[in-house]
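Structure first, then comments.
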Protein chains: 2
Amino acid sequence: MTAGPHSPHTLMIRKLESIFRLSTEEKQALHDLPVQLQLLKADQDIVRIGDSPSQCCLLVEGYTCVYKLTTEGKRQIVAFYVPGDMPDLQSLHLKVLDNSLATVTPCTVGFIQHEDLRRICDRYPRITAALWRETLVDASIFREWVLNVGRRDAFSRMAHLLCEFRVKLKAVGLAEDDTFDLPLTQGELADAIGTSNVHVNRVLQDLRAKDLIRSKGTQVTIPDWEKLKAVAGFDPLYLHLESEEVAA
Amino acid sequence: MTAGPHSPHTLMIRKLESIFRLSTEEKQALHDLPVQLQLLKADQDIVRIGDSPSQCCLLVEGYTCVYKLTTEGKRQIVAFYVPGDMPDLQSLHLKVLDNSLATVTPCTVGFIQHEDLRRICDRYPRITAALWRETLVDASIFREWVLNVGRRDAFSRMAHLLCEFRVKLKAVGLAEDDTFDLPLTQGELADAIGTSNVHVNRVLQDLRAKDLIRSKGTQVTIPDWEKLKAVAGFDPLYLHLESEEVAA
DNA sequence: CGTACGCTTGACTCGTGTCAAAGCCAGTGG
DNA sequence: CCACTGGCTTTGACACGAGTCAAGCGTACG
């Protein structure tokens with residue numbers, strides 16, 4: 001569950017490699033990327049909308065989220081990120097950030113300079129492709145979230161979010177069979193599925209009453225994966241993982 | 001308003017160049033991309049979820065949309081595309097499509113083989129960056145849509161969608177000062193903002209009653225841009241256009 | 001031990017969905 | 001040239017999901 005004996009890059013490289021089968025040289029180049037590690041507390045902005053960062057953030061441990069605010073101050077979380085993700089990789093090509101990135105738990109993050117990333121991309125087109133692909137998967141997840149928020153009721157929305165968490169965490173080895181850690185407040189869940197926190201509470205009770213989920217502290221367990229998938233209308237296709245991981 | 005004397009690539013190249021200032025050689029390489037033109041009727045799928053196309057679609061004339069369906073068959077449109085866009089550029093790196101792409105009006109589209117795109121990307125890293133950036137802007141728009149659908153009421157959502165259309169169309173020269181063509185049914189608008197078509201009808205009437213929009217056939221005019229932006233909570237930052245276009 | 005934050009509950013309100021019927025074209029064919 | 005048709009828009013009545021408000025509860029932490 002901790003970063004353990006890995007280098008900060010390990011999870012990211014493993015993820016890139018699961019699709020692209022990089023050469024030893026390419027992997028080495030990634031390993032050699034200078035990373036400035038930093039420990040952050042929970043509920044802390046990493047970068048803010050309007051910023052023009054000169055570095056990307058690599059999430060090593062903990063969960064982060066990307067959020068936006070309406071002019072009236074309502075918050076919408078548009079993505080959660082788990083270890084191995086690069087939550088603001090977009091900043092490599094978009095000069096100014098259109099969203100804010102914040103920790104939701106205490107986090108270990110590594111910062112990689114844009115110039116270092118650009119150098120490695122120029123030299124290794126396959127790494128460029130792999131990183132590009134990462135941003136495309138992000139985009140695919142956003143599309144699914146639009147569907148989720150736009151066309152499912154609160155009950156299915158929540159079920160869908162839980163399904164997504166399970167699959168993403170399993171893919172990086174942070175979930176056992178059927179249980180994983182979900183250290184989010186009901187307010188954060190509400191901001192993610194576009195409802196009120198009161199209603200999140202009712203929906204969670206309903207999910208528990210129907211035995212679709214069980215929870216102990218921040219641990220969530222899913223007794224019947226197929227049943228939860230069904231009520232969520234969840235199809236992992238949009239996560240674009242390789243089949244072994246999804247099947248699990 | 002028609003494709004006119006342009007080659008099919010013109011709008012796309014102009015868009016890429018507005019950010020990246022490509023060299024003559026790079027522009028020529030783009031111009032030389034083989035494109036297979038095709039005329040399509042309205043309401044026709046171009047590619048479907050689950051497909052693995054070997055080509056990308058370049059929209060030359062008309063509007064297309066990307067949509068997804070819930071298991072119960074509810075449709076959510078997650079993006080609209082206008083001439084100059086490449087609505088399924090993602091397929092270059094994601095083997096299987098996670099959404100469907102359809103025309104909403106009669107369209108002229110050009111198909112570009114993936115292998116041709118990959119070849120040009122390998123040779124010209126700046127073109128890679130420009131195309132990558134395009135997909136990042138798409139992702140940014142998806143994020144804004146999550147906010148739109150999740151945290152704004154139907155009235156603001158519709159206003160926001162209209163603002164986005166105006167800015168995108170102006171950027172490719174398809175909108176005069178304050179009026180543009182919006183040949184969408186209320187059902188399509190409903191699928192885009194995640195409400196029922198009946199409610200779309202009421203919201204549009206409300207917008208007209210408040211003189212925030214006027215419409216004649218499919219033509220929409222915006223009498224007071226600042227006022228519409230205000231009720232929509234619209235900030236064009238997320239479209240990542242260069243400032244001259246946005247200001248207009 | 002208290003204080004703060006998050007969770008839970010109930011009552012009430014309100015935005016939207018649903019259903020069903022009617023009106024309005026624009027295109028088609030007789 | 002006009003009646004027919006089908007798709008889209010418009011309307012009204014009603015139902016329901018979800019938001020809001022406000023109070024009370026639990027618990028982790030200083």
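Here is how names work: the chains are called A, B, and so on, in the same order as the sequence lines, proteins then strands, and each is numbered from 1. Keep in mind that the numbers below use all heavy atoms, side chains included, and drop hydrogens, waters and symmetry copies.
Between B:D224 and B:L212, the closest side-chain pair of non-hydrogen atoms is not below 4.5 Å. Side-chain contact check for A:F111 versus A:V35: every heavy-atom pair is 4.5 Å or farther apart. A 4.5 Å side-chain heavy-atom check between B:L97 and B:S91 finds at least one atom pair inside the cut-off.
With a cutoff of under 4.0 Å to any heavy atom of chain A, the contacted region of DNA chain C is bounded 5' to 3' by C:dC7 to C:dA11.
Atom CG of B:L189 is separated from atom P of D:dC8 by 12 Å (rounded to the nearest Å). Spacing between atom CG of B:D43 and atom P of D:dG7 amounts to 11 Å, rounded to whole angstrom units. In this structure, A:R151 places its CZ atom 14 Å from P of D:dA18, rounding to the nearest Å. Taking atom CG of A:D153 as the reference point, atom C1' of D:dG17 lies 8 Å away to the nearest angstrom. Between the CD atom of A:E72 and the P atom of D:dG19 there is a distance of 15 Å, rounded to whole Å.
In this structure, the helix from C:dC1-D:dG30 to C:dG30-D:dC1 shows an angle of 40° between the axis at its start and the axis at its end, each fitted on 5 base pairs and rounded to 10°.
The stretch residues 193-202 of chain A touches DNA chain C through A:V198, A:N201, A:R202, each having a heavy atom within less than 4.0 Å of the strand. Less than 4.0 Å separates DNA chain C from no heavy atom of any residue of residues 205-223 of chain B.
Checked against ring pair (Phe, Tyr, Trp, His ring centres under 6.0 Å), A:F80 has the following partners two or more places apart in sequence or in another chain: A:F165.
Panel note: side chain B:R166, backbone B:D177; a donor-acceptor pair is recorded below 3.5 Å.
B:D211 and B:R214 are joined by a salt bridge, as a carboxylate oxygen and a charged side-chain nitrogen come within less than 4.0 angstrom of each other. A salt bridge does not link A:D235 to A:K229: none of the charged side-chain nitrogens sits closer than 4.0 Å to a carboxylate oxygen. Salt-bridge annotation for B:D45 and B:R48: present, with a side-chain N of the basic residue lying under 4.0 Å from a carboxylate O of the acidic one. Salt bridge status for A:E134 with A:K15: present, with a side-chain N to carboxylate O gap under 4.0 Å.
Side-chain contact of A:N201 with A:Q186: a donor-acceptor pair under 3.5 Å is present, judged by distance alone.
Residue pairs meeting the side-chain hydrogen bond (donor to acceptor under 3.5 Å, both in side chains) criterion with at least one partner in residues 149-159 of chain A, sequence neighbours excluded, are A:E144-A:R152, A:N148-A:R152, A:R151-B:D191, A:R152-A:H160, A:D153-A:S156.
When the nearest nucleotides of DNA chain C are assigned to B:K74 and A:T185 by heavy-atom distance, the more 5′-ward of the two goes with A:T185.
B:F180 does not carry B:K168 over the face of its six-membered ring by the limits of under 6.0 Å from the centre and within 45° of the normal.
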- Task: Begin from the C-alpha positions of A:V104 and A:Y81 and carry the test side-chain contact (heavy atoms from CB on, under 4.5 Å) through to its verdict.
- Result: CA-CA 10 Å; A:V104 302; A:Y81 290 97; over 6 Å; no

